[in-house]
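Only one structure is covered here, and it is reproduced in the block below.
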Amino acid sequence: MDVASSPSVLELENSLALLAVKGTVTAVTAKLNGIRQEKNAEVIRSTYDEIVNELLEERAQAIQIAQALK
C-alpha cells in the first residue's frame, strides 16, 4: 500500500481541505462589519474575543494536521 494513499493520510488531507474551505475570512469580516455601529464596549470585546479564539483554534488545527502529515 502506498503511504500517500493510506487511510490516515487521506483523512488528514480531507481535514486540511475542510479547514481551508471553511470560510474563516468571510465569517470574520461579517462579524467585524456587524459590530461597526455597536456602542456597547462589552459586546465589542466579546466579539473580538470570539474572533481571536476562532482564529487560534483553526491555527492549532492546521498545525496539528501539518505535524501529522510530516
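Just so you know, these numbers come straight off a predicted model, no measurement behind them. Throughout, residue positions are numbered sequentially from 1 according to the sequence presented.
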Under 3.5 Å, side-chain donor or acceptor atoms of residues 31-40 against the rest of the protein: list the pairs with distances, not counting sequence neighbours.
unit_1, atom_1, unit_2, atom_2, d
Lys31, NZ, Glu50, OE2, 2.7
Lys31, NZ, Glu54, OE1, 3.1
Asn33, OD1, Arg36, NE, 3.0
Asn33, OD1, Arg36, NH2, 3.3
Asn33, ND2, Thr29, O, 3.3
Glu38, OE2, Asn40, N, 3.2
Asn40, OD1, Glu42, N, 2.9

Per-pair distances, 0.1 Å, donor-acceptor, side chain in residues 58-70, under 3.5 Å, sequence neighbours excluded:
unit_1, atom_1, unit_2, atom_2, d
Glu58, OE1, Thr24, OG1, 2.3
Glu58, OE2, Lys22, NZ, 3.3
Glu58, OE2, Thr24, OG1, 2.6

Determine whether Leu10 and Leu18 fall in the same hydrophobic cluster, where Ile, Leu, Val, Met, Phe, Trp and Tyr are linked whenever their side-chain heavy atoms lie under 4.5 Å apart.
-> no

In terms of hydrophobic clusters joined by side-chain contacts under 4.5 Å, are Tyr48 and Val43 together?
-> no

Report yes or no: do Leu19 and Leu55 belong to one cluster of Ile/Leu/Val/Met/Phe/Trp/Tyr joined by side chain heavy-atom distances under 4.5 Å?
-> no

